[in-house]
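Since the structure comes first, as C-alpha cells, the remarks are kept for the end.
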Protein chains: 2
Amino acid sequence: MGLKRTTINDLAAKLKISKSTISKAIKGYPDVSEKTRKKILKLAKKLNYKPNSIASSLRTHQTKTIGVIVPSVVHDFFSKVIDGIIQEAENNNYLVIILQSGEQADLEEKQLNLLKNKQVDGILLSVSNETGVKERLNKVLEKGIPVVLFDKIIKSFDCSKVIIDDKKAAYDAVCYLIHKGYKRIAHFGGVLTAQNSIDRFLGYKQALIDNNIPYNPDLVYVNPNNDDINDGYLNAQKMLKEHTNIDAVFAITDLIAIGVYKYFNKINIKIPEDIAVFGFSNWLVSSVVTPKMSTVNQPSFEMGKKATEILIDEIKKMNNDIEFSFQKVVLPTSLIIREST
Amino acid sequence: MGLKRTTINDLAAKLKISKSTISKAIKGYPDVSEKTRKKILKLAKKLNYKPNSIASSLRTHQTKTIGVIVPSVVHDFFSKVIDGIIQEAENNNYLVIILQSGEQADLEEKQLNLLKNKQVDGILLSVSNETGVKERLNKVLEKGIPVVLFDKIIKSFDCSKVIIDDKKAAYDAVCYLIHKGYKRIAHFGGVLTAQNSIDRFLGYKQALIDNNIPYNPDLVYVNPNNDDINDGYLNAQKMLKEHTNIDAVFAITDLIAIGVYKYFNKINIKIPEDIAVFGFSNWLVSSVVTPKMSTVNQPSFEMGKKATEILIDEIKKMNNDIEFSFQKVVLPTSLIIREST
DNA sequence: TTGTAGGCGTTATCAC
DNA sequence: GTGATAACGCCTACAA
C-alpha cells in the first residue's frame with residue numbers, strides 16, 4: 001500500500017505547531033508570521049504534503065470539479081468543445097467529469113443526478129433532442145448549482161447560455177446559395193424538438209421568403225439523427241424520387257451532407273454542377289471530401305472555453321454571495337465557401 | 001441556497017434510530033431487522049436522502065472516480081476509446097475525469113499528480129510521445145493506485161495494458177500491398193520515441209524483408225505529428241522530389257495519408273493508379289475521401305471498454321486485498337481494403 | 001439487532 | 001500571531 005500520505009496532523013506533530021496555523025500558512029493567509037510560515041512550508045515541501053482534497057471538499061462544500069453532459073463525445077464538434085472546456089477548467093484548477101446522454105432525456109436526467117450527487121461545483125450541458133427536457137432540468141436543478149447551457153439549449157430555461165445564431169447562420173448560407181443562382185433549394189433538417197434544428201430551419205425558410213422564393217414544405221426532409229450519414233443518404237434518395245428539379249441542398253450538419261454526397265456519387269449526380277450541397281459545422285470531413293464542401297464554421301473550442309469561463313465565474317460569485325445575472329453569449333459564425341456550391 | 005440536503009443525522013433524529021443502524025440499512029447490510037430497514041428506507045426515500053459521496057470518500061478512501069489521460073480528445077480514435085471508457089465506467093458506477101496531455105510529458109506528469117491528488121481510484125493512460133515518460137510514471141505512481149495503459153504504452157512499465165499488435169497490423173498491410181504487386185513502398189511513419197510508431201515501422205520493414213524486397217531507409221519519412229494532415233502533405237512533396245519510382249505509401253495514420261492525398265491531388269497523381277495509399281486507424285475521413293482509403297481497423301470503443309473493465313477489476317481486487325497479476329490484452333485488428341490500393 | 005464512539009483530514013470560529 | 005475545538009457526513013469496530 002505504500003507509505004501513507006502526509007497530513008496536516010503529521011506536520012503539526014513534527015513542528016509542534018497547531019493544525020490551524022499550518023492550514024493558514026499553507027493557504028497563504030496573512031495572519032501567520034513569516035518565520036512560522038517558512039518553517040511550515042519547508043517541511044511541507046520536504047514531506048510532499050498535499051492537502052487532502054476530499055477532506056477539504058467535505059469542509060468547504062467545494063469540489064473544484066465541473067460536470068459536462070453532451071450527447072456524444074465521438075463528434076467532431078463536441079470533442080472540440082470539450083477540448084475548450086478541459087483547457088479552460090484546468091487553467092482555473094478545475095477538473096472535468098464527462099458524461100454522454102446519447103440524446104436520451106432519461107439518461108440525461110440520471111446523469112444530472114449523478115453529477116449533483118458527486119457535488120460538482122457546476123454543470124455544463126448541451127441538451128438532448130428529446131422533449132420534456134425543461135421539466136427534467138427543473139426537477140433536478142434546484143438553483144443550488146450553476147448551470148451553463150451551450151449549443152443545444154432550452155430557450156426558456158433560466159440560466160446562462162453560449163450559442164451561435166443558428167437562424168442567422170442558416171439564413172446566410174441559404175442566401176448565399178440563392179445569390180449564386182440556385183432556386184430549388186431543399187433543406188435536410190433535424191427533428192424539430194431541438195432548438196437548433198428549429199432555428200436552422202427557420203433561417204432557411206426566411207432566406208427563401210426574403211428572396212421571393214416560395215417556401216415549399218415538400219422540400220424539407222427530416223433526418224432523425226443529425227449526425228448519421230445514412231439519414232442523409234436515405235433522404236437524398238427519397239428526394240430524388242419525389243423531385244426532379246432540385247438544384248441545391250442545405251443540410252443541417254456536415255454528416256447529413258456527406259450522406260447526400262454518397263448517394264449523389266452513387267447515381268452519378270455531379271456536385272455542384274447538377275446539385276449543390278451546403279453543410280453545417282465545418283467538421284474535418286467537410287474539408288477532405290471531393291468536392292470540398294461549403295459549410296458553416298461554428299466556433300467549438302471557443303464555445304467550450306467561454307461556457308466554462310462563465311460557469312466558473314458564476315461558481316465563484318455564488319460562493320461569495322455576489323449577485324450575478326445570467327449571460328447569453330452568441331458566438332459568431334461564418335460561411336466557408338469551398339467547391340460544393 | 002435552497003433547502004439543505006438530508007443527511008444520515010436527519011434520518012436518525014426523525015426516526016430516533018442511531019446513525020449506524022441507518023447506515024447499515026441504507027447499504028443493505030444483513031444485520032438490520034426487516035422492520036427497521038423498511039422504516040428507514042421509506043423515510044430515506046421520502047426525504048430524498050442520498051449518502052454524501054464526499055463524506056463517504058473521506059471515510060472509505062474510495063471516490064468511485066477514474067482518471068483518464070489521452071494526448072487529445074479531438075481525435076477520432078481517442079474519442080471512441082473515451083466513449084467506451086465512459087460507458088463501461090458508468091455501468092459500474094464510476095465517473096470519469098478526462099485530461100489531455102497534448103503529447104507533452106511534463107503536462108502529463110502534472111496531470112497524473114492532479115489525479116492522484118483528487119484521489120481517483122484508478123488511472124487510464126495513453127502515454128505521450130516524448131521520452132522519459134517511464135521515469136515520470138515511476139516518480140508519480142507509487143503502486144498505491146491501479147493504472148492501465150492503453151494504445152500508447154510504455155513496454156517496460158509494469159502494469160496492465162490494452163493494445164493492438166501494431167507490428168502485425170503494419171506487417172499485414174504492407175504484405176497486402178506487396179501481394180497486390182506494389183514494390184517501391186514508402187513508409188510515412190511517426191517519431192520513434194513512441195512505441196506504436198516503432199512497431200508500425202518494424203512491421204513495415206519486416207514485411208519487406210520477408211518478401212525479398214530490400215529495405216531502403218530513404219523511403220521512410222518521419223512525421224513529427226502523427227495526426228497532422230500537413231505533415232503528410234509536406235512529406236509527400238519531399239518524397240516526390242527525392243524519388244520518382246514510388247508506387248505505394250504506407251502511412252502511420254489516416255490523417256497522414258489524407259495529407260498525402262492532398263498533395264497527390266494537387267499535382268494530379270492518381271490514387272491508386274500512379275501511387276497507392278494505405279492508412280491506419282479507420283477514421284471516419286478514410287471512408288469518405290475519394291478514392292475511399294484502405295486502412296487498418298483499430299478497435300477503439302472496445303479498447304476503452306476493456307481497459308476500464310480491467311482497471312475496475314483491479315481496483316476492486318486491491319480494495320479487498322486480493323492478489324492479481326497484470327494483464328496484457330491484445331485486441332485484433334483487420335485490414336479494410338477500399339479503393340486506394 | 002441496535003447503539004456508542006471515534007476518526008477520516010480539513011477549515012473556520014473564536015478565544016487567548 | 002497562535003491554538004483549541006467543533007464540525008463537515010459517513011462508516012465501522014466494538015459494546016450492549
Side-chain angles (χ1 to χ4, degrees), chain A residues 1 3-41 43-44 47-65 116-119 121 144 319-321, chain B residues 1 3-41 43-44 47-65 116-119 121 144 319-321:
Chain A
M1 277 297 163
L3 8 135
K4 258 181 46 184
R5 62 187 272 170
T6 317
T7 74
I8 210 169
N9 288 310
D10 301 333
L11 296 183
K14 291 235 164 75
L15 291 170
K16 295 186 200 280
I17 297 181
S18 76
K19 310 199 273 180
S20 14
T21 303
I22 306 224
S23 176
K24 286 174 200 160
I26 298 281
K27 302 194 68 196
Y29 282 24
D31 58 346
V32 178
S33 75
E34 259 324 292
K35 216 171 56 180
T36 357
R37 157 166 294 128
K38 280 252 172 67
K39 215 165 33 172
I40 293 172
L41 260 25
L43 187 67
L47 264 37
N48 189 28
Y49 169 72
K50 296 275 185 331
N52 180 326
S53 61
I54 294 176
S56 170
S57 293
L58 181 59
R59 202 44 248 260
T60 62
H61 302 289
Q62 288 219 66
T63 54
K64 285 291 197 173
T65 307
K116 231 180 63 179
N117 222 260
K118 192 78 184 176
Q119 280 154 280
D121 296 337
N319 284 338
N320 298 309
D321 276 319
Chain B
M1 274 295 163
L3 9 136
K4 257 183 45 186
R5 61 187 273 171
T6 318
T7 75
I8 209 170
N9 288 308
D10 301 333
L11 296 184
K14 291 236 164 73
L15 291 170
K16 297 188 200 276
I17 296 180
S18 76
K19 308 199 277 180
S20 32
T21 305
I22 308 232
S23 176
K24 288 174 197 162
I26 299 284
K27 304 193 66 194
Y29 282 24
D31 57 346
V32 178
S33 75
E34 260 323 294
K35 215 172 57 181
T36 347
R37 155 165 296 127
K38 280 250 172 69
K39 215 165 34 171
I40 294 172
L41 260 24
L43 187 67
L47 264 36
N48 189 28
Y49 169 73
K50 296 274 185 329
N52 180 326
S53 62
I54 294 175
S56 166
S57 292
L58 182 60
R59 215 21 264 261
T60 61
H61 301 289
Q62 287 220 68
T63 55
K64 285 292 197 172
T65 307
K116 229 179 67 177
N117 222 260
K118 191 79 184 177
Q119 282 154 280
D121 295 338
N319 283 338
N320 298 310
D321 275 319

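Labels below follow one simple rule: chain letters A, B, ... track the order of the sequence lines, proteins then strands, and each chain is numbered from 1. This is a predicted model, so every value here is computed, not measured.
- The backbone N or O of A:Tyr29 sits less than 3.5 Å from a side-chain atom of A:Arg37, completing a donor-acceptor pair.
- Counting heavy atoms from C-beta on, the side chains of A:Thr65 and A:Lys118 never come closer than 4.5 Å.
- We find that NZ of B:Lys64 is positioned 17 Å from P of D:dC10, with the value rounded to whole Å.
- Looking only at side-chain heavy atoms (C-beta outward), A:Lys24 and A:Thr36 stay at 4.5 Å or farther from each other.
- For the pair A:Leu11 CG and C:dG9 C1', the interatomic distance rounds to 12 Å; values are reported in whole Å.
- We find that NZ of A:Lys27 is positioned 9 Å from C1' of C:dA12, with the value rounded to whole Å.
- Of the possible polar contacts, one joining the A:Thr60 side chain to the A:Ser56 backbone as a donor-acceptor pair under 3.5 Å is found.
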Sugar-phosphate or base contact per nucleotide [nucleotides 2-9 of chain D; S, B, -; heavy atom under 4.0 Å]: BBB-BBBB
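- B:Thr6 is not listed as a side-chain neighbour of B:Asn48, based on a closest heavy-atom distance of 4.5 Å or more.
- Taking the side-chain contact (heavy atoms from CB on, under 4.5 Å) definition, one finds that A:Ser53 meets it with B:Gln119, sequence neighbours left out.
- A straight line from CD of B:Gln62 to P of D:dC10 spans 17 Å, rounded to a whole angstrom.
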